Amino acid sequence: MCYILIYYSINNTDVKLNEYYQIYGHKLVKNIYIDWKCCMNKLIGILKTLIAGYIITIALLIIISICMYKMSLDNNIISICIPAAYGISTFAGGLILGHIRKCNRLIWGILYGVIYFCILCVISVAINPGSGFDIASAAKCIGICCVCGGAGGFFSP
């Protein structure tokens, strides 16, 4: 097996190849090459964006709780403000991640929304282990997270 090839003759034509190709018998096969440094940089970028999104969420929830305390808001207004806080956070996270990733920004934004929702579910179950899981509110929340994350990725510069 030859790992580094400079030229290989295919149909009497010299073809320049790089180091990612090997010859098995008479077949030319491309090696699988994983750049771990690049993968770690992508993962660290996603983690930084998630941390920024949750910092925004915490700040918005603190503002909502202060407004509840000072103005004694109704439950209807609170039930609108909390999903709005999730939407603003995932929009900001999708915006940041789309700016970092440059290509496939819409997909990265939607992926950010899904990851954000999964972490939100894990935190909710960890805080209230005995409470039931409402499918309708979960579907509404994942919809908000995916749409707002995708919109943030779409509108990122």
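Just so it is clear, the model here is predicted, and its values are computed rather than measured.
- Among residues at least two apart or in separate chains, there is no ring-ring contact (aromatic ring centres under 6.0 Å, His included) pair with a member in residues 86-105.
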Atom pairs and distances, donor-acceptor, side-chain atoms in residues 137-157, under 3.5 Å, two or more places apart:
unit_1 : atom_1 : unit_2 : atom_2 : d
S137   : OG     : D134   : O      : 3.2
S137   : OG     : D134   : OD2    : 3.3
S156   : OG     : G153   : O      : 2.9

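- In the hydrophobic clustering of ILVMFWY residues, with side-chain heavy atoms under 4.5 Å counting as a link, I88 and I78 come out apart.
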Show the atom names and distances, to 0.1 Å, of all donor-acceptor pairs under 3.5 Å that link a side chain in residues 47-68 to residues at least two apart or in another chain.
unit_1 : atom_1 : unit_2 : atom_2 : d
T49    : OG1    : G45    : O      : 2.7
Y54    : OH     : Y116   : O      : 2.7
Y54    : OH     : L120   : N      : 3.2
T57    : OG1    : G53    : O      : 2.9
T57    : OG1    : S89    : OG     : 2.7
T57    : OG1    : Y116   : OH     : 2.4
S65    : OG     : L61    : O      : 3.3
S65    : OG     : I62    : O      : 2.8

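- Remark: K102 NZ is packed, more than 12 non-hydrogen atoms of other residues, nucleotides or ligands lying under 6.0 Å away.
- Under the side chain to side chain contact (heavy atoms under 4.5 Å, CB included) criterion, C121 pairs with F117, F133, not counting sequence neighbours.
- In the hydrophobic clustering of this structure, I77 groups with M71; members are Ile, Leu, Val, Met, Phe, Trp, Tyr whose side-chain heavy atoms approach within less than 4.5 Å, directly or through other members.
- Grouping Ile, Leu, Val, Met, Phe, Trp and Tyr by side-chain contacts under 4.5 Å, direct or through others, puts I100 with I96.
- From Y112, atom OH reaches atom OG1 of T90 across 7.0 Å, with rounding to the nearest 0.5 Å.
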